[in-house]
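Start at 1 with the first residue, then count along the sequence.
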Amino acid sequence: MPSERFNRLKPKKRTAIRDAILKQLREVPLEKFSAKKLTQELELSSGCFYSYFSGIDDMLSFAIEDYIRYEAAEFDVVIEKLKAKDYAELADLIRNVTEYAYKNGYLKVMRNLSYGLKLTMSSSFEVLSRDSGEIYAAFEPIVMNKINKESLNSEKEEYFKKLLKDVISMGVMVYRCAMAEIYCDYDKREEVITEFKRKIRILINGLTVMADSYNYGEKRSIT
């Protein structure tokens, strides 16, 4: 979050800073972002600007706050769909979020931030871990309820849960990669979404096969 000093600025000044950050992020990738250029445009001292944010992640979170809030709300919808065992429309998350970015001027910003998944190393893994954890919490009881518990001992059950976490993490990575592709070439959005749905279906089918193998007590390796 921005510092208390930043929050004491007048709304007009805070908006000007946000607009200047977004303007530069539309023009260059993150690694070429220049705080010096920004402070010159805003007629701020560099020390003053650096006192507003604790780091690059903090500055980015402020600049794309509306986008983050929208994606989080759409993500909550996906969680509810998973709880309702509705997997068919998961691609709507990608479609809705990228359309929001397109309509609200974030498309080039997200292209430059997500090109090759280059947000920042720390924020990328934080997002992946958060998303994976929330999906696992919703998805784990659904999957485990489909498995005949008599076919599992405690060791196998823990192994299956770990496998489920890995599959969900892979699904989240597929999602993030699809978003990066779309932001790099928005015209190929439907093509990327179609491929995303295919990959997700493969992951879900794989889990279904493994769950069925336990239900029927097959001595099948899942490694």
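A donor-acceptor pair under 3.5 Å links the side-chain atoms of Ser3 to the main chain of Ser51, judged by distance alone. Judged by distance alone, the side chain of Asp58 and the main-chain N or O of Phe53 form no donor-acceptor pair under 3.5 Å. Remark: side-chain polar atoms of Arg95 are not paired, donor with acceptor, to backbone N or O of Arg189 under 3.5 angstrom. Between the Arg14 side chain and the Leu9 main chain, a donor and an acceptor come within less than 3.5 Å of each other. Between the side chain of Glu41 and the main chain of Ala20, no donor-acceptor pair closer than 3.5 Å is present.
Between Asp19 and Lys23 there is no salt bridge, since no side-chain N of the basic residue sits under 4.0 Å from a carboxylate O of the acidic one. Under a 4.0 Å N-O distance rule, the pair Glu195/Arg201 does not qualify as a salt bridge.
For the atom pair Asp185 CG and Glu181 CD, the distance stands at 9.5 Å (nearest 0.5 Å). Going from atom NZ of Lys188 over to atom CD1 of Ile182 covers 12.0 Å, rounded to the nearest 0.5 Å.
Residues Tyr175 and Leu93 approach most closely at CE1-CD2, 3.5 Å, considering heavy atoms.
In summary, the aromatic rings of Phe6 and Phe62 are positioned with their centroids under 6.0 Å apart.
A search for side chain to side chain donor-acceptor pair (under 3.5 Å) contacts involving Lys103 returns Glu99, not counting sequence neighbours.
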